[in-house]
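Naming: A, B, ... by sequence-line order, numbering from 1 per chain.
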Number of protein chains: 2
Amino acid sequence: MSHNEKASLKSIAEKFGISVSTVSRVLSGKARQYRISTKTEELVREEADRLGFSPNQIASSLRLKRTRTLGLLIPDISNSFFASVARSVEVEARKRGYSIILADSQENEKIEQETIRLLKSRNIDGLIVAPVGQISEHLEKLHKGGLPVVLLDRYFPNTDLPFVTSDNYKGAFEATEYLILKGHEKIACVGGLPDTSTCIDRRKGYRDAMEKHGRSLDESMIVGDDFGEENGYIESKLLLQRNKKPTAIFTLGNLNAFGAMRAIVEEGLSIPDDISLISFDDYVHSAFLATPLTAVGQQMEAIGQFAVKLLYNQLDSASTAKSKGISLATQFNERASVKDLTPNK
Amino acid sequence: MSHNEKASLKSIAEKFGISVSTVSRVLSGKARQYRISTKTEELVREEADRLGFSPNQIASSLRLKRTRTLGLLIPDISNSFFASVARSVEVEARKRGYSIILADSQENEKIEQETIRLLKSRNIDGLIVAPVGQISEHLEKLHKGGLPVVLLDRYFPNTDLPFVTSDNYKGAFEATEYLILKGHEKIACVGGLPDTSTCIDRRKGYRDAMEKHGRSLDESMIVGDDFGEENGYIESKLLLQRNKKPTAIFTLGNLNAFGAMRAIVEEGLSIPDDISLISFDDYVHSAFLATPLTAVGQQMEAIGQFAVKLLYNQLDSASTAKSKGISLATQFNERASVKDLTPNK
DNA sequence: TTGTATGCGTTATCAG
DNA sequence: CTGATAACGCATACAA
């Protein structure tokens, strides 16, 4: 039956004694435009269906200089936040006929740079990237070189690279204010990679909330080197062993929060009785944690969709929309990890 | 400076008045083999570096009929199990010079089939797939058509498609036996998509453990339609409202477990005092759950690595290794979600 | 309504 | 040691 060498426009054309162009036109939906006879069109269509044939995208890409492929470069796809965003990106991209080449930079700048080069050599039409470091040159160069780029989660303030992120400032501000209104004075801010926009904005939200409410700003309460669990653990542990412990910890990322929990448990303390905890990044199953965690949720699905949309605006030359960047609202999910220290009225 | 049209073998060749072939040879590391003069080689190398140029993979792919691209088709990349496996696959594949086109079938057979077609038209060199349904024809056809395929997580017993999965039978057997040894009689088995190998094997493990220990096998205690949270919730809820409630629930997947927890909480019961819970699939942060969850862990990273390795065996024509399938050991993680019902000695 | 011819950028073959 | 050339499969300008 199907012992053909390998289907192609040519093989189909030969089978019916017609030309490759005709087959190409039919299969790329241009039968109308070229006024191909219904008979011919049918013939080709049926044969293609029978063979399960679709034109070779590689050849097409070479010819059209367009691969309909997007690069998605993520620091850690096993992190639930990024996994959710990635899913959204993939689904949204496929809707528009684009495939996703996934790459994991493993939170490593060098891998990020190498991978970008790799992706470029694969002729992606656009790149969605959650950058690892604070260096933006390589991305700006790409962008200026004509490759559509959209930043995810983190952005670079001094560039015009479009981005999609949450309103990190406001989310952090609200979380901190919530703690303050619950009567907390000594609030620690734990975790985050210091030079990333996410960390900077969240810390600023924290600071401004403290100031607004006249809380003294103890800089030694703002600690953290990255978004990892280990860092949350270490910094929390140190904080908890001080003379003047904080009464609340605000972690800047979901992994930081789990590290903090580990430290808290290890110190024999409990949440929220001994110490309150709030985290940026909500967790799918936060409600089932030992103490249901109060957290700042992000709109992962929307982030992914916007990223694709912003990229699409750049891909579609007709589009005039030149969005610079988008901040999405966060959601404050109050659960049970914060103790109310205000005197009962 | 770099206001070149677009770098290519040709543009570089012209710049130095040499031939495209020579440039190609240098840049594909065949300078030695073709005994290119050191001078020429240097020249080309430097220029390529200066431009950050790598040969166009699309053109190369067309010529070589090999894309160095693998398809990774997953039912839900936002599920932490698959996210971890995906990360491992991507890292392992990149090590070997392969890129990953990620596709999410959204637990939908139709999307799976369409996507496979899409991936094929993109000329992937191999496919790693965690199939949604119980239909294997499309995959067998692919495989017989010469496309290397490796199944992930689930396999089809009556085919010779190579697979990587956990030892689901043994993991489930151990979990069930553990419950029995803790004195449980009425043990429910909740969740799982009935016709998948994972579900079948896990249920068989459950059944055999029950039988081995002379427990009556109440078929109405084996319930579930899929691996989702909602199904875990519904089935658990129904079980808990029976006259003769189970004293323990064994869920067949991580999402099922969260559904079960939700039902348990909603019924005003507590784990493990009122009901014990064990789940297949461990959870990164199971230890921090309200009741630290006893669970059967899988080796996500190894699964991903093996998948790539098995695929690689097929890609590498020189290889004789024709592995049929691999089962990886599970790990039983005892925590605190199971109550000991045995009389104190 | 259809066909012919060209080129996309690369690699392999063959020829020097 | 190097070069010219053909071919990979497709899409389009041009021709009929």
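Side-chain N/O atoms of B/Glu140 and B/Ser136 include a donor and acceptor closer than 3.5 Å.
Legend: salt bridge (charged side-chain N to carboxylate O under 4.0 Å, His left out) pairs involving residues 12-36 of chain A, not counting sequence neighbours, sorted by first then second residue: A/Lys15-A/Glu47.
Between the CD1 atom of B/Ile36 and the P atom of D/dG3 there is a distance of 8 Å, rounded to whole Å. Taking atom CG on A/Leu62 and atom C1' on C/dG7, their separation rounds to 9 Å, with Å as the unit. The CG-C1' distance, from B/Leu43 to D/dC1, rounds to 15 Å in whole Å. Regarding A/Phe16, its CZ atom lies at a distance of 13 Å from the P atom of C/dT2, rounded to whole Å.
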Taking only distance into account, with no hydrogens and no angle test, what donor-acceptor pairs under 3.5 Å do side-chain atoms of residues 127-135 of chain A form with protein atoms, sequence neighbours excluded?
residue	atom	partner	partner atom	Å
A/Gln134	NE2	A/Asp195	OD2	3.1

Taking distance alone, no hydrogens or angles, what donor-acceptor pairs closer than 3.5 Å link side-chain atoms of residues 69-83 of chain B to residues at least two apart or in another chain?
residue	atom	partner	partner atom	Å
B/Thr69	OG1	A/Arg122	NH1	2.8
B/Thr69	OG1	B/Thr67	O	3.1
B/Asp76	OD1	A/Arg87	NH1	2.5
B/Asp76	OD1	B/Ser78	N	2.9
B/Asp76	OD1	B/Ser78	OG	2.7
B/Asp76	OD2	B/Ser78	OG	3.4
B/Asn79	OD1	B/Phe81	N	2.8

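Taking the side chain as every heavy atom from C-beta outward, B/Leu118 and B/Ile101 never approach each other to under 4.5 Å. No side-chain heavy atom of A/Val308 sits less than 4.5 Å from a side-chain heavy atom of A/Tyr98.
In this structure, A/Ile18 reaches the sugar-phosphate backbone alone: every heavy-atom distance under 4.0 Å involves primed, P, OP1 or OP2 atoms, never a base.
A salt bridge between A/Glu92 and A/Arg96 is present, with a side-chain N of the basic residue lying under 4.0 Å from a carboxylate O of the acidic one. A salt bridge links A/Arg94 to A/Glu90: one of the charged nitrogens lies within less than 4.0 Å of a carboxylate oxygen.
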Under 4.0 Å protein heavy-atom contacts per nucleotide of nucleotides 10-16 of chain D, with B for base, S for backbone only and - for none: BBBBB--
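For B/Tyr155, the ring-ring contact (aromatic ring centres under 6.0 Å, His included) partners two or more places apart in sequence, or in a different chain, are B/Phe163.
OP1 or OP2 of D/dG9 lies within a sub-4.0 Å distance of a side-chain N or O belonging to B/Lys65. For D/dG3, the OP1/OP2 oxygens have a side-chain nitrogen or oxygen of B/Thr22 closer than 4.0 Å. Between A/Ser61 and C/dC8 there is no side-chain N or O to OP1 or OP2 distance below 4.0 Å.
Within residues 113-123 of chain A, no residue has any heavy atom under 4.0 Å from DNA chain C.
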